[in-house]
Amino acid sequence: MPQGQPSVVPEDGLTTRQRRNRPLVMVHTGTGKGKSTAAFGLALRAWNQGWPVGVFQFVKSAKWKVGEERALRVLGASGEGGTVAWHKMGEGWSWLQRDVHDITESEDAAREGWEQVKRDLAAETYRLYVLDEFAYPLHWGWIDTDEVVSVLRERPGTQHVVVTGRNAPQPLLDFADLVTEMGKVKHPMDAGQKGQKGIEW
């Protein structure tokens, strides 16, 4: 295990081991590429530790087959690490505008997805939750950020949660234990190149 010294040792009455094993809320936000990819890297680490992993995709199309999904499903079924469950809530609504009908259906799907996450947190179903693109329904006001923070604060056990997506609301950032902002310096799309296999999916 890597040995490191924290810059601050709080006077919270906890031992080093107790403090190390506290469950975390992590947020990957910003305009750069790699927010979901980093979260799926965490899922691989969790699988390796034998943890049950729950992935909840909030706005990517249910028809979109991402490479990480297939890889994590195969690993989860291998019997060598933890289990992996993959849930797709959205219908492909991203930060691009669609008509009102699409928005209403996607909003309902996102809310249903959040209700499932709440049930799983209460039941301690998973040890790691990947709430992929969950920052979007929070940013759009589909799901109340204060409620999310409250539920995450009161979650039982040792459940880790990672939220991805642009424009993560400030109250979530303030509450989270770890926040990473992905910043775009350059991207192939700036030069007119669309996404490609093995890189974007």
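Everything numeric in this text was worked out from a predicted model, so none of it was measured.
Judged purely by atom type and a 3.5 angstrom limit, N48 has no side-chain atom pairing as donor or acceptor with the backbone of L44. Checking side-chain atoms of Q159 against main-chain N and O of P156 turns up a donor-acceptor pair under 3.5 Å. A donor-acceptor pair under 3.5 Å links the side-chain atoms of T29 to the main chain of G165, judged by distance alone. Panel note: side chain S78, backbone L75; a donor-acceptor pair is recorded below 3.5 Å.
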Apply the test salt bridge (Lys or Arg N to Asp or Glu O under 4.0 Å) to residues R166 and E133: give CA-CA distance (whole Å), side-chain angles for both, the deciding distance (0.1 Å), then the verdict.
-> CA-CA 8 Å; R166 297 183 183 202; E133 313 287 14; over 6 Å; no
I would like to know whether V53 and L72 meet side-chain contact (heavy atoms from CB on, under 4.5 Å); could you show each step before the answer?
-> CA-CA 9 Å; V53 176; L72 283 166; 5.9 Å; no
Under the ring-ring contact (aromatic ring centres under 6.0 Å, His included) rule, what do W114 and F134 come out as? Steps first, then yes or no, please.
-> CA-CA 9 Å; W114 170 237; F134 189 51; 5.4 Å; yes
Would you check, one step at a time, whether the test side-chain contact (heavy atoms from CB on, under 4.5 Å) holds for L131 with Q57?
-> CA-CA 6 Å; L131 308 187; Q57 286 191 292; over 6 Å; no
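Both V179 and L138 are members of a single hydrophobic cluster when ILVMFWY side chains are connected at heavy-atom separations under 4.5 Å. Hydrophobic clustering of Ile, Leu, Val, Met, Phe, Trp and Tyr side chains at less than 4.5 Å, counting indirect connections, unites V117 with F175.
Partners of W47 according to the ring-ring contact (aromatic ring centres under 6.0 Å, His included) rule, which considers only residues two or more places apart in sequence or in another chain, do not exist here.
Side-chain atoms of L172 and V27, non-hydrogen and from C-beta on, do get closer than 4.5 Å to each other. Looking at heavy atoms from C-beta onward, K33 lies in side-chain contact with H187 at the 4.5 angstrom threshold. Contact annotation: the side chain of P137 never approaches that of E107 to less than 4.5 Å [non-hydrogen atoms, C-beta and beyond].
Across every non-hydrogen atom of A39 and V130, the tightest pair is CB-CG1, 3.9 Å. Counting all heavy atoms, side chain and backbone alike, P23 lies closest to G157 at CG-O, 3.7 Å. Listed here is the closest heavy atom pair of A110 and I143: O-CD1, 3.5 Å.
Here F58 and W140 keep their ring centres 6.0 angstrom or further from each other.
Among residue pairs with one or both ends in residues 116-127, those qualifying as side chain to side chain donor-acceptor pair (under 3.5 Å) are H87-Y126, E115-K118, Q116-R119, Q116-D120, K118-E147, D120-T125, R127-T158; sequence neighbours excluded.
When each of L121, V151, L24, L128 is tested with V161 by the rule side-chain contact (heavy atoms from CB on, under 4.5 Å), just one qualifies, namely L121. With W86 as the partner, the ring-ring contact (aromatic ring centres under 6.0 Å, His included) test is satisfied by one option alone out of Y129, F40, F56: F40.
For R73, the CZ atom is densely surrounded, since the number of other residues' heavy atoms within 6.0 Å is greater than 12.
Separation of atoms OG (S36) and CE (M182) is listed at 9.0 Å; rounding is to 0.5 Å. Atom CG of residue N167 and atom CG of residue L173 lie 10.0 Å apart, to the nearest 0.5 angstrom. For the atom pair T15 OG1 and N21 CG, the distance stands at 8.5 Å (nearest 0.5 Å). Taking OG1 of T145 as the start and NE2 of H139 as the end, the distance is 10.0 Å to the nearest 0.5 Å. To the nearest 0.5 Å, atom CG of residue D132 and atom CD of residue E68 are 8.5 Å apart.
With salt bridges taken as basic N to acidic carboxylate O contacts below 4.0 Å, none links D177 and R22.
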